[in-house]
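Heads up: the structure comes next, in structure tokens.
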Amino acid sequence: MDKRGSGSGAVKHPPKLDGPYQKRLSQTVEQLRDSFATALKWAKVDDQAQFADKTQSVRDNYMIDVRAANIVRLAESLFTINTEIKDIALTDDFETLNAIVEARKAKLDASHRSTEEQLSSLRGELSAHLLRLETVYFRNLPLLQEHDD
């Protein structure tokens, strides 16, 4: 049985990442790794040069900030790619979509049948009551006509 519980017995595989998604994902992960490695390189502390050059320290701090901003941007890009892949997986999974549509159709059909049965029952009851009313009315009609004369 698959993860969605459709009972088909087939194992669902994620959608194939081809073309632009595979390329974007690879590039983003590589850039993320490079930014992290560069940030670590700039964060390395050299005891002798720490007090010698204040501009070097400011530059190092700036480079770390730039790399940290790149890491945040790339993480957001990964979240976007993840969302797009999930959307594709959901919209391209026709078996699941068809099963959902069929289940909804069956539920609506059952509701329709139930409503038709109730309506038919009400018609029968109304017909029986109307027949009794007509019988009483037409039995009493001659009496009403005599009373009016």
Can you tell me how far the [atom1] atom of [X] sits from the [atom2] atom of [Y], to the nearest 0.5 Å?
X: Arg73; Y: Leu32; atom1: CZ; atom2: CG; result: 10.0 Å
X: Gln31; Y: Ser35; atom1: CD; atom2: OG; result: 7.0 Å
X: Arg104; Y: Leu108; atom1: CZ; atom2: CG; result: 4.0 Å
X: Asn82; Y: Glu84; atom1: CG; atom2: CD; result: 10.0 Å
X: Thr28; Y: Lys23; atom1: OG1; atom2: NZ; result: 11.5 Å

Within the side chain of [X], is there an N or O that forms a donor-acceptor pair under 3.5 Å with the backbone of [Y]?
X: Ser114; Y: Ala110; answer: no
X: Ser120; Y: Glu116; answer: no
X: Asn98; Y: Phe94; answer: yes
X: Thr135; Y: Leu131; answer: yes
X: Ser127; Y: Arg123; answer: no

[X] vs [Y] side-chain heavy atoms within contact, under 4.5 Å:
X: Asn70; Y: Thr38; result: no
X: Arg113; Y: Gln118; result: no
X: Ile85; Y: Ile81; result: yes
X: Leu74; Y: Val29; result: no
X: Ile64; Y: Arg67; result: no

Assess whether side chain to side chain contact (heavy atoms under 4.5 Å, CB included) is satisfied between Lys107 and His112, documenting all intermediate values. CA-CA 9 Å; Lys107 184 178 178 182; His112 177 72; over 6 Å; no
Is it true that Arg139 and Glu134 make a salt bridge, defined as a side-chain N closer than 4.0 Å to a carboxylate O? no
Check for me, please, whether Leu40 and Ile71 land in the same ILVMFWY cluster - side-chain distances under 4.5 Å, paths through other members count. yes
Walk me through whether Tyr137 and Leu133 qualify under side chain to side chain contact (heavy atoms under 4.5 Å, CB included). CA-CA 6 Å; Tyr137 177 76; Leu133 284 173; over 6 Å; no
